Amino acid sequence: MSVINIDSAKQNIEKNGFLDIEVDATLDLFHEIERLKKEKNAIILAHYYQEPDIQDVADYIGDSLGLAQAAEKTEADIIVFAGVHFMAETAKILNPKKKVLLPDLKAGCSLADSAPADAFREFRKQHPDHVVISYINCTAEIKAQSDIIVTSSNAALVVNSVPKDQPIIFAPDKNLGAYLIKKTGRDMLLWNGACMVHEIFSLEKITKLKIRHPKAKVLAHPECEEPILRIADYIGSTTGILKYSREDSANEYIVATETGILHQMQKDSPHKTFIPAPPTNNCACNDCPHMKLNTLEKLYLCMEYETPEILMEEELRKAAKKPIDRMLEISRAGGL
Ligand code: SF4
């Protein structure tokens, strides 16, 4: 239930994750958000999995690599991060002097949660000679225990940059790890984590869809399980999928990633048809429940009151920054 007192809403922010106050229904939130951006010199960075309204008010929409690069170089005073917690944390790690806001602190990530810091520390201890490459979808504590971070855009490039005789741990996504083993030919030790959205696509339902839409191409994110990747015509990051659908000559696509991406695909190619790949459960959608915790109202409230804010111990921030810097260096050198 919403409360109307701002002080009480601020006190309850840890419990609720956001400012639980009523927003005047007559407010034009698009206009208000634009006003706040100018007044506060704020920039909105949004992930492709955010709801369409949020993507439409964002200054930059991208995947994890693009968002990290945008967060690193922005001159704005406030970074409003419309994404999940580890992404906002990454922005704070890269640009600590900026105030980083997240519309809902509870916007987490099942993949990041699948690697608790203590258990990961024990795992590393058992393999002290391994270099640790971690997917950016992990907490700052896991980043701080890693040697290099990757995103789905640069993962193969980073894995290939490690000397051939050097053993590697890859965490936390076992599906992306298995895909990279196949793609790079490197044998890596995988942490057993997965994304709750990408591991539930149904091979059987996609195969049936392909019968009804024989010309449709399957586009998949490498977080998907191997059977889905095996039937995909294209595998790539959200940015890669978007680019492929824009430049490719087909007219129909079955898209195996979070549905938020369809908004930009449809905007870029209005004459094409994009069909969300069906999951194994009975729900017709593949929305990430964490990403979709952010709403336009919460975005407006966090800008108006400048909370919830991402804060971090400096020691942890510095340790987590090192492997991200390494990733950004390798990406730049590789032309990404
Ligand atoms: S789609 Fe998966 S990996 Fe991305 S934020 Fe949601 S749970 Fe995490």
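For clarity, every value in this text was computed on a predicted model and none was experimentally measured. Counting starts at 1 for both ligands and their atoms, in listed order.
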Item to check | Sub-4.0 Å atoms of ligand 1 with respect to non-hydrogen atoms of Asn137 | outcome: 3 (S)
Item to check | Numbered atoms of ligand 1 (with element) below 4.0 Å of Ser110, judged on heavy atoms | outcome: 7 (S)
Checklist entry - Taking the six-membered ring for Trp, is the centroid-to-centroid distance between Phe170 and Trp191 below 6.0 Å? => result no
Checklist outcome for this item: Near Glu223 (heavy-atom distance under 4.0 Å), the atoms of ligand 1 are 3 (S)
Checklist entry - Cut-off 3.5 Å, side chains only: do His198 and Thr257 have a donor facing an acceptor? => result yes
Checklist entry - Nearest heavy atom to atom 6 (Fe) of ligand 1: which of Gly193, Cys288, Pro172 does it belong to? => result Cys288
Item to check | Any donor-acceptor N/O pair, Glu223 side chain to Ser152 backbone, under 3.5 Å | outcome: no
Checklist entry - Any ion pair linking Lys99 and Glu306 (charged N to carboxylate O, less than 4.0 Å)? => result yes
Checklist entry - Of the backbone and side-chain N, O or S atoms of Cys195, does one lie nearer to atom 8 (Fe) of ligand 1 than 2.8 Å? => result no
Next on the checklist: Could you identify the single nearest non-hydrogen protein atom to atom 8 (Fe) of ligand 1 and state the distance to 0.1 Å?
Outcome noted: Cys109 SG, 2.4 Å
Item to check | Side-chain donor or acceptor of Lys205 paired with backbone N/O of Pro279 under 3.5 Å | outcome: yes
